[in-house]
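Here is the structure we will look at.
These figures come from a predicted structure and were not determined experimentally.
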Amino acid sequence: MPSQQEEKETLTFNTKVLHDIFKASWKNPKTKVGKEALILSAEYLRIFTTQAVIRATNEAMNDAGGGSLIRLEVAHLEKITPQLSRDF
């Protein structure tokens, strides 16, 4: 379980930005979203993004043949996307 210090240092998505993105996609301008839903959405996106980076990095390491220098490319993200989408 992370300490309070670690929780404060965890990067996450800005809920104001998420609200603006959600609002731009709503057809009804009267649609609203609660603070808790925005916080949960930010956490979901943080976990999803973290998993994407970890899996793409693992794919890049496999492609590099275990070399010490790897380069993460869009192709690695494209390769892991189908399974990542199924997992989420």
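With sequence neighbours excluded, the residues that form a ring-ring contact (aromatic ring centres under 6.0 Å, His included) with Y44 are F88. Partners of H19 under the side chain to side chain donor-acceptor pair (under 3.5 Å) rule, at least two apart in sequence or in another chain, do not exist in this structure. For the salt bridge (Lys or Arg N to Asp or Glu O under 4.0 Å) test, residues two or more places apart in sequence or in another chain that qualify with R71 are E73. The side chain to side chain donor-acceptor pair (under 3.5 Å) test applied to E43 returns R46, not counting sequence neighbours.
Note: the hydrophobic cluster containing L40 does not contain F48 (ILVMFWY, side chain heavy atoms under 4.5 Å, direct or indirect links). Grouping the Ile, Leu, Val, Met, Phe, Trp and Tyr side chains by contacts below 4.5 angstrom, directly or via other members, places F22 with L45.
Among residues at least two apart or in separate chains, side-chain hydrogen bond (donor to acceptor under 3.5 Å, both in side chains) pairs with a member in residues 20-31 are K16-D20.
The structure places CD1 of I47 at 9.0 Å from CD of Q51, a figure rounded to the nearest 0.5 Å.
When all heavy atoms of L18 and S41 are compared, the pair lying nearest together is CD1-C, 4.1 Å. Pairing each heavy atom of T15 with each of L38, the nearest pair is CG2-O, 3.8 Å.
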Do any side-chain atoms of residues 79-87 form donor-acceptor pairs under 3.5 angstrom with protein atoms, and if so which ones, sequence neighbours left out?
unit_1: K79; atom_1: NZ; unit_2: E59; atom_2: OE2; d: 3.1
unit_1: T81; atom_1: OG1; unit_2: L77; atom_2: O; d: 2.5
unit_1: Q83; atom_1: OE1; unit_2: R86; atom_2: NH2; d: 3.1
unit_1: Q83; atom_1: NE2; unit_2: D87; atom_2: OD1; d: 2.8
unit_1: S85; atom_1: OG; unit_2: T81; atom_2: O; d: 3.0
unit_1: D87; atom_1: OD2; unit_2: R55; atom_2: NH1; d: 2.7
unit_1: D87; atom_1: OD2; unit_2: R55; atom_2: NH2; d: 2.9

